[in-house]
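The structure presented is a predicted model; accordingly, all values stated were derived computationally and were not measured.
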Amino acid sequence: MVSMFQARGTAEARKRSDEIDKMLKEHARELSRYRKLLLLGTSESGKSTILKQMKLIHRGDLNDYDPTAWAGILVSNLLDCITALAHALVTKGIPLKDAEKKDDLTTVLTLKVQVATGLHARNNAGVTATTRTEADTSQMYTFTPTADNSMNGQPNGEIHGSNSMLLPQSTQQGTGGMAGVDGSNGKEKDLEMENVQGEEDDSNYFAYRGPKITKEVKRAVIRLWNDDGIRECMAHYANEINLLDSAEYLLESAARILDEHYRPTTHDIIRARYPTNSVTETRLSMEGILYKVFDVAGSRKHRHKWVPFFDDCLAIFFVVAISAYDQHLAEDPHINRVGEALDVFEQICNNPLLMKTTMMLFLNKIDLFKAKLKRSQISKYFPDFPGPQEYEAGCKYFARRFLNLNKVPGKSIYVHYTWATDTKQISVVLAVVNKTIVKLNLQAAGFM
């Protein structure tokens, strides 16, 4: 015989269960309103900068980027740049133009600083990492603080020959060779998903280590940067030492960034470099359309994380730094960065799981690309480049190289030339991209 208390407990449990079911259904309905976008690309392509711009343009701010953490990241970036240049100056035998700055050079060269980044604020346990890429550990620092250019492409049958094994050989079958897929039977492996972050990423938990930036250090950095010898070193060896793209911006702002009361501006955060080591999800609205944007780490060791996000993906934003046509990977000095991007794009574009997924190809860092054309020949690194050595010809060449890799008839691929640190330019590009996505959705629904 069921007691009154047992009956009451059963009724309460059933009521609670019904409430939970209702909450889950409401959550499912809420999620169904969002379109899924993936930001993909190789390391240092500018994916995360594009994401910052998307937030800034469609939310109006970057409030989810902790200014204290990013102040440390920017100081770390700046010290990374000046110390790398100082070491190159010495090893390449370039003399200082002002002999009185030898003491400044010594001060910078003897900075005994280390970087410690990670989820320190969450558990008070710092995790060591680099400020640029996982493989480059030679220069690591930290700070203790007191126009629409698009074309629709179709395949023409030209095949790009892979110059490197990008993914484990056991994964080269099944679903187009993406890591994380079992090559023997084509089934996805059970990949871990607990590292997916919400609106914040690991950069907001940057843990500071190292000496305080003294007046002497600040003075030495500023004076050394203003020496013509350092400027000459940067002009000739920036690629060789993998100098950050934002090096000139940071060093020109050294007096402000090294101030003990420094608080980064929005533009500073846009320019900052912090490697993506996790998967972040961002929800935002573009012209009334709700999107979930996933930014996935681009280095080789993280590409196994891509596959689980292919399901129900509306579009992929594949970002390529075309300015890196004369640079090598930090992970492998024998591999050209754009060559690596070509190989990865081919695998993504022709992956069976993404046959009907629209591709938005962002040929990024066009500002750096245009400047570099004056001193670095494309044909030296891509012998089939027909010329001339001009911006428009170079853009069209690289667009064609990527588009030719598509083997899926009728696949929609749209090329956009982007300047990721220019908010106005990215705003125009994103508006065009959003209109394209809306149009494709209407066509798929039979309304056009």
Side-chain angles (χ1 to χ4, degrees), residues 43-44 46 71-115 117 130-133 135-143 210-259 262 264 268 271-275 321 323-324 326-330 333 337 365 367-369 371-372 374-376 421:
S43 295
E44 300 189 64
I73 291 169
L74 281 148
V75 171
S76 182
N77 286 169
L78 189 157
L79 293 178
D80 190 1
C81 294
I82 192 63
T83 311
L85 287 170
H87 279 282
L89 184 88
V90 173
T91 57
K92 300 298 180 182
I94 301 174
L96 288 170
K97 301 305 180 184
D98 185 351
E100 293 183 359
K101 294 179 180 177
K102 286 184 178 180
D103 289 343
D104 300 316
L105 178 62
T106 301
T107 298
V108 170
L109 287 173
T110 55
L111 281 176
K112 300 298 182 182
V113 289
Q114 301 175 347
V115 72
T117 61
T130 74
T131 61
R132 286 190 288 176
T133 64
D136 182 7
T137 57
S138 59
Q139 304 292 333
M140 302 188 295
Y141 310 93
T142 193
F143 173 56
K212 182 178 180 180
I213 301 301
T214 64
K215 291 182 179 179
E216 179 189 10
V217 169
K218 179 179 177 181
R219 178 177 180 272
V221 170
I222 295 171
R223 281 169 50 85
L224 194 60
W225 168 240
N226 287 319
D227 187 87
D228 290 339
I230 283 288
R231 305 280 180 135
E232 179 184 339
C233 184
M234 180 174 176
H236 289 92
Y237 299 106
N239 282 356
E240 184 176 326
I241 63 177
N242 277 325
L243 199 65
L244 292 177
D245 293 331
S246 57
E248 185 173 1
Y249 172 87
L250 295 171
L251 291 165
E252 289 290 350
S253 305
R256 180 173 58 86
I257 294 175
L258 295 179
D259 187 87
Y262 170 59
D268 291 343
R271 292 277 188 166
R273 165 65 181 160
Y274 187 90
S323 60
D326 61 349
Q327 295 175 250
H328 58 76
L329 294 179
R337 287 193 185 183
K365 303 187 181 182
D367 54 323
L368 302 176
F369 177 67
K372 186 174 285 188
K374 300 175 183 178
R375 62 179 187 271
S376 180
T421 56

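For Ser76 (side chain) and Gly72 (main-chain N/O), no donor-acceptor pair under 3.5 Å exists by modelled atom type. Judged purely by atom type and a 3.5 angstrom limit, Asp227 uses its side chain to pair as donor or acceptor with the backbone of Asp98. Remark: side-chain polar atoms of Arg337 are paired, donor with acceptor, to backbone N or O of His328 under 3.5 angstrom. Judged by distance alone, with hydrogens and angles left aside, the side-chain atoms of Ser253 form no donor-acceptor pair with the main-chain N or O of Arg256 at under 3.5 Å.
Counting only heavy atoms from C-beta outward, the side chains of Thr107 and Val221 never approach each other to under 4.5 Å. Annotation: side chain of Leu96 is in contact with side chain of Leu224 (closest heavy-atom distance under 4.5 Å). Considering only heavy atoms from C-beta on, Trp225 comes within 4.5 Å of Leu85 through its side chain. Taking 4.5 Å as the limit, some side-chain heavy atom of Arg231 sits within range of a side-chain heavy atom of Asn226. Side-chain contact check for Leu329 versus Ser43: every heavy-atom pair is 4.5 Å or farther apart. Residues Lys92 and His236 form no side-chain contact, since every pair of their non-hydrogen atoms from C-beta on lies 4.5 Å or further apart. Here the side chains of Asn239 and Lys372 are in contact, with some heavy-atom distance below 4.5 Å. Taking the side chain as every heavy atom from C-beta outward, Thr83 and Leu109 never approach each other to under 4.5 Å.
The line from CD of Glu240 to SG of Cys233 is 9.0 Å long, rounded to the nearest 0.5 Å. Atom CG of residue Asp103 and atom NZ of residue Lys101 lie 12.5 Å apart, to the nearest 0.5 angstrom. Note that the CD1 atom of Ile257 and the OH atom of Tyr262 stand 4.5 Å from one another [nearest 0.5 Å]. With rounding to the nearest 0.5 angstrom, the CG atom of Leu243 is 9.5 Å from the CG atom of Leu250. With rounding to the nearest 0.5 Å, the separation of OH in Tyr237 from CG in Leu89 is 10.0 Å.
Contact between Leu105 and Ala86 at its shortest, heavy atoms only, is CD1-CB, 3.8 Å. Across all non-hydrogen atoms, the minimal contact from Val108 to Ile82 is CG1-O, 4.0 Å. Closest heavy-atom contact between Phe369 and Ser323: N-CB, 3.6 Å. Nearest heavy atom pair, residue Arg273 against residue Glu44, reads NH2-CG, 3.3 Å. The minimum heavy-atom distance between Leu78 and Ala254, with the atom names listed, is CD1-CA, 3.7 Å. When all heavy atoms are compared, the tightest approach of Ile241 to Ala88 is CG2-CB, 4.1 Å.
Crowding of Glu216 atom CD: a count of heavy atoms from other residues, nucleotides or ligands under 6.0 Å not exceeding 12. The environment of Lys102 atom NZ is sparse: at most 12 non-hydrogen atoms of other residues, nucleotides or ligands sit within 6.0 angstrom.
Side chains of Asn77 and Arg271: a donor-acceptor N/O pair is absent below 3.5 angstrom, by distance only.
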_Set out, in order, the CA-CA distance, both residues' side-chain angles and the distance that settles side chain to side chain contact (heavy atoms under 4.5 Å, CB included) for Asp245 and Thr421, then state yes or no._
CA-CA 11 Å; Asp245 293 331; Thr421 56; over 6 Å; no
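Between Arg223 and Glu100 there is no salt bridge, since none of the side-chain N atoms of the basic residue sits less than 4.0 Å from a carboxylate O of the acidic one.
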